[in-house]
Amino acid sequence: MNDIVPLPFWLFSILAIFAALGFVQFVFAPGVRWFLRRRVNRAIDQLNTRLKLSIQPIKLTRRQTLVDQLLYDADVVSAVEAHAEEEGISRAEAMNKAETYAREIVPAFSAYAYFAIVTRIARWLSHFVYRVRLGYADEDKIAAVGKDATVVFVMNHRSNMDYVLVTYLASTSASLSYAVGEWARVFLLENLIRSMGAYFIRRNSRNALYRKVLSRYVRMATRFGVTQAVFPEGGLTRDGLLRPPKLGLLSYMVSDFNPDTDKDIVFVPVGLNYDRVIEDRILTGPAQAEIDGRAFRVSISKSLAFIGRMIARRVRGKLYRYGYACVSFGSPISLKEWLSKNKQDKEKIVESDINDLGVELMAQIGVAIPVLPVSLIASILLEGVSVDTITPDDDGLDELQLKAKTSALIAELEAAGAHVHIPRQDLDYAITAGLRILILRQLITQEDGRYRANPDETLLLRYYANSIGHLRQN
């Protein structure tokens with residue numbers, strides 16, 4: 001019984017390693033997890049007292065649990081069986097495909113990553129590139145939104161900076177969940193985006209099983225109160241005009257909505273505008289190439305040089321050309337109230353109802369879009385210039401004429417219900433700020449005290465004028 005059993009050193013080393021792993025797994029790790037979970041829960045409780053829209057429990061649920069819940073949704077199970085029959089494959093293979101889609105879609109929200117890292121980066125980047133301003137906000141109606149309602153921010157899409165800007169400005173009120181395209185599924189960036197609570201979508205997929213898994217996730221998140229941010233246009237505007245709504249995500253949210261039993265869905269229209277959109281030449285490039293053959297090409301060297309010039313100007317205090325970025329929040333639209341006013345029969349929501357809702361949301365987004373100095377000056381200098389005309393046929397405007405026309409345009413826009421952002425409440429400064437950006441970018445010319453649209457840049461100038469074009473049509 002007391003005999004010593006000799007062990008080779010290599011065997012002893014293996015046993016010691018396994019013993020250490022067992023200690024870590026069954027003794028040390030549970031204690032660490034308990035300690036961290038306690039601290040995280042305490043931090044989340046503190047965040048929820050600060051946020052107007054608290055973090056919903058679904059965001060704190062283990063990702064695998066959400067994947068399983070999505071996979072065994074009755075509609076997903078039916079879609080799996082239909083897919084297996086249609087493709088002639090086993091039900092297990094079809095379920096594996098559904099699980100792949102679910103894992104691709106379901107996020108892995110981290111409150112620490114979102115509030116300690118992402119929102120700070122968003123704040124720094126927003127102020128590094130732009131002079132950020134919060135425009136109009138219907139604070140009374142927004143504050144009156146019920147705490148048990150699901151809030152969905154619906155906004156126009158002018159730049160990829162939209163994600164950054166709205167995340168920063170909304171960070172004191174809520175954590176937002178975005179739908180992000182496949183472009184962001186790259187190493188490290190994908191993990192960061194998932195930790196923000198965003199979910200990836202294949203925008204052009206026609207796979208019925210995939211669309212069903214996506215639709216049920218969106219409905220599940222909406223039903224459990226996840227605060228979401230949606231771009232109804234479905235993509236970036238290429239001409240500056242508002243695009244007609246694409247109803248995919250909207251239909252997933254509301255198609256089986258029951259006003260008698262479901263919690264309310266409240267849509268908050270959000271309007272964004274910029275004195276300069278960083279990727280404007282990329283967006284207008286195809287149209288410019290059709291006109292004069294000039295194609296804007298992106299290269300790594302040009303991009304690095306561009307970033308270097310931007311940093312150098314910021315260090316010298318001369319980073320003017322990006323101007324103002326402004327966000328306005330319109331009046332919330334309750335789905336229950338909208339249905340009671342606009343839907344005559346009480347049957348389930350049909351496609352025409354979703355289309356009508358999408359049109360109204362886009363109209364309210366349009367009203368919320370703030371008017372900035374560059375869009376004002378661009379609109380005035382392009383007055384009387386045909387859409388198809390490349391060379392403006394006017395003699396330009398002097399400062400007095402420009403000021404008079406700007407005052408008249410502001411009065412026209414405000415009469416139409418638009419929200420005009422006048423920096424420092426000083427019209428002269430606003431005109432100077434708009435002219436400075438446009439002259440630096442050579443979109444307009446200054447000669448003999450008169451300002452004219454640059455004939456070679458009419459298309460890009462019109463892109464900025466179009467950002468408020470819908471307000472002048474109303």
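Here the structure is a predicted model, which means the values were calculated and not measured.
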Any ion pair linking [Y] and [X] (charged N to carboxylate O, less than 4.0 Å)?
| X | Y | result |
| --- | --- | --- |
| K405 | E383 | yes |
| E233 | R158 | no |
| R223 | D256 | no |

Can you see whether [X] engages [Y] through a side-chain donor-acceptor pair at a distance of less than 3.5 angstrom?
| X | Y | value |
| --- | --- | --- |
| E279 | S159 | yes |
| Y252 | R211 | yes |
| D162 | Y274 | yes |

Quick one: [atom1] on [X] to [atom2] on [Y], what's the gap to the nearest 0.5 Å?
| X | Y | atom1 | atom2 | answer |
| --- | --- | --- | --- | --- |
| L357 | L250 | CG | CG | 5.0 Å |
| I365 | E360 | CD1 | CD | 11.0 Å |
| F109 | S177 | CZ | OG | 9.0 Å |
| D456 | L443 | CG | CG | 11.0 Å |
| R276 | Y464 | CZ | OH | 6.0 Å |

Over 12 non-hydrogen atoms of neighbours within 6.0 angstrom of NZ in K141:
no
[X] side-chain N/O to [Y] backbone N/O, donor-acceptor pair under 3.5 Å:
| X | Y | result |
| --- | --- | --- |
| N273 | V371 | no |
| Y463 | V277 | no |
| D353 | V350 | yes |
| R133 | Y324 | no |

Once side-chain hydrogen bond (donor to acceptor under 3.5 Å, both in side chains) is applied, do any residues pair with T222, and if so which ones, sequence neighbours excluded?
Q228
Within the 6.0 Å centroid threshold, strictly below: Y163 and F231:
yes
From CA spacing to verdict: side chain to side chain donor-acceptor pair (under 3.5 Å), Q69, D73
CA-CA 6 Å; Q69 186 173 348; D73 177 273; over 6 Å; no
Going by the angle between their ring planes, with limits at 30° and 60°, are H419 and Y136 parallel, tilted or perpendicular?
parallel
If you apply the rule side chain to side chain contact (heavy atoms under 4.5 Å, CB included), what do you find for L409 with R472, and how did you get there?
CA-CA 9 Å; L409 179 54; R472 307 189 70 183; 3.4 Å; yes
